[in-house]
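One structure is given below, encoded as structure tokens.
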Amino acid sequence: MTSRGAGTAFSRKNYRLSTEPEKSKVTGIVNSRLLNDYLHRVFTSADGNQPAAAYRKHLTFQNLQEHLERLLAEENGSEDSRDQVTEGRLGPSTVVLDHTSGFEGLLLVDDDLLGVIGHSNFGSIRATTCVYKGKWIYEVLISSQGLMQIGWCTLNCRFNQEEGVGDTPDSYAYDGNRVRKWNVTTTNYGKSWAAGDIVSCLIDLDEGTIAFCLNGISLGTAFDNITRGAGMAYFPAISLSFKESVAFNFGSRPLRYPVEGYRPLQDPPVADLVKARKLLGYLKNVIHIGIDVTEGKLVEKDTSMWQLQGEPTVLITLAHIFNYFSPLMCKVYLVEDVLMTFLLSILERGGAVEAHPLIQQLLDLMWLLMEEYEVHECLKQLLMSLLRAYRFSPIIPDLGLQIHYLRLTIAVLKHEKSRKYLLSNVLFDVLRSVVFFYIKSPLRVEEAGLQELIPTTWWPNRFTKEGKESKEVKEESAEERLRRRAYERGCQRLKKRIEVVEGLQVQILKLLLNNKDRGGGEASRYIFLNKFRKFLQENASNRGNLAVLCPPEYMVCFLHRLIAALRYFWDGHKAKTPAALSSEEAYVPPQLFYNGKVDYFDLQRLGGLLSHLKKTLKDDLAAKANILIDPAELQAVTMDDLDEDEESATSAAQSQRPSAALAIGGALARPAWLSSPTLGRANRFLSTAAVSLMNPRRPLGALEKIKVLTLRAEQRTREDIEGTHGNDGLLLGRPPEEPDQPITENSLLEVLDGIVMMYNLSVHQQLGKMVGVSDDVNEYAMALKDTEEKISRCPKRRRDIHEELLKSQKVFSEKLNHLSRGLAWINVTIYSKEKMQDIYWLLRVCIRTIEHGDRTGSLFAFMPEFYLSVAMNSYSALKNYFSPVNSMEELPGYEETLMRLAAILAKHFADSRIVGTDIRDSLMQALASYVCYPHSLRAVERIPEEQRISMMKNLLAPYEQRPWAQTNWILVRLWRGCGFGYRYTRLPHLLKTKPEDASLPSLQKPCPSTLLQRHMADLLRSDRDLAPSFLNSVLNQLNWAFSEFIGMIQEIQQAAERLERNFVDSRQLKVCATCFDLSVSLLRVLEMTVTLAPEIFLDWNRPSSELLLRRLAQLLNQVLNRVTAERNLFDRVVNLRLPGLESVDHYPILVAVTGILVRLLVDTDVQGTERATAVLLADPCFQLRSIQYLLGHAEPSALAAAAPATDKRHFSLQTYTEYISTEELTKVEKMLNHLSEESKQAAATTLPTSEEDLCPICYAHPISAIFRPCSHKSCKACINQHLMNNKDCFFCKATITGVDDFTKPASS
């Protein structure tokens, strides 16, 4: 390398090192003898031996440069051997992926052409360099563990979307996803790989073999006798399926696992490497050797405490070294091999990072003596190398490797200037630093050392064959207790080791959130805030673009570390400012949602789009928050938003390299978070709405309100966020309902808001996904238990069966041992008690935020939807995901939190301020889930009475124009346990026919709410308009649901009878079962209404009672006739026992109908019974046979016809003694006797009616009503039902003004 200086004086960063010897006295440079000794000690020759003082050249700063160049030139002849190294290799010396011609399918390639993501079914790509002789190696860093085939191919291999590397004759591949090797045919080979592993691909063209290593451990020879000879050269190649990603290392960086005798495809920079190591040696010498000026001698110094202390001699010496060292430190290979190794060695002595100030001193030196662009590139490459090392290090028992790299990351970030540069330009932009907060799970338990850490495994045995927790808790045996305790001790050991890593990760975040380092620009926290917001924007706006999304498993870890760091600073502020809130009382104030200071991108608000809200609520904003919307600016913003996508696309295209074209069959340059520079997206802050803000602490006149434009994220300063005197920063626009007290630092409020958004983006989904491991443990535990029972029952003479069962037992035991250790890791990293407390804290934050927002009235509509989503989802996670390990009941303030969440659900599921269909449905589903469980139902009962009554009133609103199925389900849950034969957990016929079917939803035990039932009864009685509208909507939906069900089972029956088609569409079966379940639940709501407020049907002083009773009787008769007819459609479909129609049976629907009839005909007063009986018998569809069917009484003709089928059992309520009480059966018999007598009397007294006297609409009842003014006639039932929806006459379409009773004259 040529010298960057000329002569003996050189200029670097404006330092001029004088050549005049007399200046030494002035500048403090030591005398020439001591300087000579010092320079000879620092700049030793390559062999390390110093010549005797008499023979060595006298060194001064004037001739040091010449001496240094001579030293660096020694043993640098390796450059001459480069031509020999390239023998056996063809292609460019810098090896990258061939993105111009060597690919198939659609791929996304990193800017450095070393990383790739699959973007089509099975894309393939090869490298630019091939080999034909010798031994070669390259490494692949696995970023995702899906379907990939990695290996070697020749130029003649032709791939497509179905066939990739290893599927053609001259290509060879290893597939760690399916644990196989591929060369046209496939066989088992190797081990399974996981994200974070490194695969080494080795080819020996002298012996003709190909082998692979996983994390440095050889998997053995995969292929031998590979094709060699003229024209045969092998390229590194990969085929990968959609969204799978890897990064290659052909030798541009030091190999993580080099293999002796094998060369990387790309030569290491040998000459530069020798120079860099020499220069690092000289730098170490400077640190080791001190100058004692008073004694006039050289002394050994303690390197750990070395400081520059302004010594000119040392500084000028270092300047000479850095003159050559600096340009080398811009190369990634040298940074990783030389600089990172040296810095890590400093920390190897142990102790806290603070105990090693040498790293801070070295960073100071770099900023002092290197050009700015060199420092920037060096720091960027250093952090990228640290990231790769952290992410792709194998898990070892003490997590030593991860701890090592995190400690160095902390040491670098402790340096203020370096931290700010990295935050501004590298973290989140290049590296996606959230990788530093991730702790990967070991796929191979053995290699991670979990066997030594957790020698004894254990798993719960509390499950029945149905896969549900058994009712009786079996006493734990002494052996099981010992195993469980040993397992728990092992888990605790693992937890302590992981907590060390987590503690270091929190330290990194504390450095990034430091707001005291204001020297030389903005404090770190404010740089972090703007980058963090942009990170959230990318993940919120690109939910479909996997290339730029942060993986959800990273997000989970990042969330917990960020909560820990946030609470540390929050409580620290509370200690300094006693009036502020503690982190236990944290919430996000409502003004953040409408004052435009925090950007929510295009995320949906509770009241709809932000632009719409600003138009409709501008008066409320002005009155409550002193915020004015300028119509002209708002219109401009709206037009700007329309062009948003076009502008983003344009700026994204401009930031891409010219060769990066998106086309099918093309390889795309894409910005990746793994190893590439910044995203090619426009970093535009979307919230450009111009809002006018003013300090609301004093009343303002309209003329005093001024306009303030919202700043983009990158433009915001500390004053814009924290505020200053007379400026509230993020808290501008405080509504009068919000208390005027300090909460915490404004910047922490924005971090808290970002945490809530992060949970909504992907954390909740990932928490649910990881529960699958626990489910696998339960399944294998059940299988093992079942196998052991079979072994105990196996006859001794059947040795063959016994041996097979023992093999199965061994397989299940091994799998359980592996899974239980893996589960221990997941329980510690994801489902530990501390993580549960974090999610619980987040739930409480959301509840408080929603409560504060609700008080602002109409301004509540500005709140983003995700706050309500996170409140519901975090509660669901605490209840369902953490429960196997930790109990939610143990959390502090659990009962109160449950009640406050219940109040939110009860109030907002029908809140007119919330317009989004999805969020309204979610609220309804959450409330439905809440009333299923006794503890949460009791929480609903504890909310204030006014809110309970309001909730019930909203539930009883008419079902039209809203999602009514969930509402109906809630009412059914409140009733279940009180209705006729309605105390079952699972349907009786399912228990008999499918006792081992664990896939069916387990129904919770009935937990009716008499308190809420009482509220419902009071509302129906007191509100004369509510009851008819509600019941008519229920009857309409019942009519629709049951009609749909009958229509569908007709189609199913026809399909089943066809010879050419013996299957039915599963979707159709599911819809059919849903219609049946809806019919049953609607009948139960009618039973509930009849029981709680029978006067609605039987008190005919009410205007619509008779009509409701007639409609009810009509529907009940239709249901009974369809279900109870002998050898009918319903019977035939039930007997088919089709999968998907398990819930369709006689029992659930018939007991619901029976419950209504018993209440109307038996459990009421005499007048009510008479009215109900008269209406029921008057319905033309009434058949006494249907009532007899309930008790198994069949007609004589039916018995005679069914005589041959003596084995067929008739349905009877009397057979369900476990579900129907004796008292209930007695009432049914009483009802049957009553109807039998009444129907006989009615038949005897009924006079024949001529056709002319029948109602011309239904032909079922005599004419009994005449319309005004047109005088047309019908029966009362028809006209009353018609007038509910229409005021026009049936016949002449005249508007009906009244209806009078009609009696046929006697003379007629």
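Sequential numbering from 1 along the given sequence is applied to the chain's residues. The model shown is predicted, which means the values in this text are computed figures rather than measured ones.
When all heavy atoms are compared, the tightest approach of M329 to L339 is SD-CB, 3.7 Å.
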Practice item. Start with the C-alpha gap between D571 and S583, add the side-chain angles, then the distance that decides, and say whether side-chain hydrogen bond (donor to acceptor under 3.5 Å, both in side chains) holds. Key: CA-CA 6 Å; D571 290 330; S583 64; 3.0 Å; yes
Review point. Could you go step by step and tell me if Y867 and D753 meet the side-chain hydrogen bond (donor to acceptor under 3.5 Å, both in side chains) rule?
Key: CA-CA 9 Å; Y867 273 89; D753 177 76; 2.5 Å; yes
Exercise for review: Evaluate side-chain hydrogen bond (donor to acceptor under 3.5 Å, both in side chains) for Y600 paired with R533, printing each intermediate quantity in order.
Suggested key: CA-CA 9 Å; Y600 290 100; R533 207 75 198 169; 4.6 Å; no
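A salt bridge does not link E538 with K534: every distance from a Lys NZ or Arg NE/NH1/NH2 to an Asp or Glu carboxylate oxygen is 4.0 Å or more. Using a 4.0 Å cut-off between a side-chain N of Lys or Arg and a carboxylate O of Asp or Glu, E502 and K835 qualify as a salt bridge.
Under 3.5 Å, the side chains of Q591 and R734 contain no donor-acceptor pair of N or O atoms. In this model, a donor atom of one side chain and an acceptor atom of the other lie less than 3.5 Å apart for S524 and D517.
Annotation: ring-ring contact (aromatic ring centres under 6.0 Å, His included) contacts of Y405 (sequence neighbours excluded): none. For Q381, the side chain to side chain donor-acceptor pair (under 3.5 Å) partners two or more places apart in sequence, or in a different chain, are E377.
For the side chain to side chain contact (heavy atoms under 4.5 Å, CB included) test with F532, the passing option among R525, M758, Q537, E750 is M758; the others fail.
Taking the ring centre of F569 as origin, the terminal cationic atom of K510 falls outside the region bounded by 6.0 Å and 45° from the ring axis.
By the 30° and 60° cut-offs, the orientation of the rings of H415 relative to W367 is parallel.
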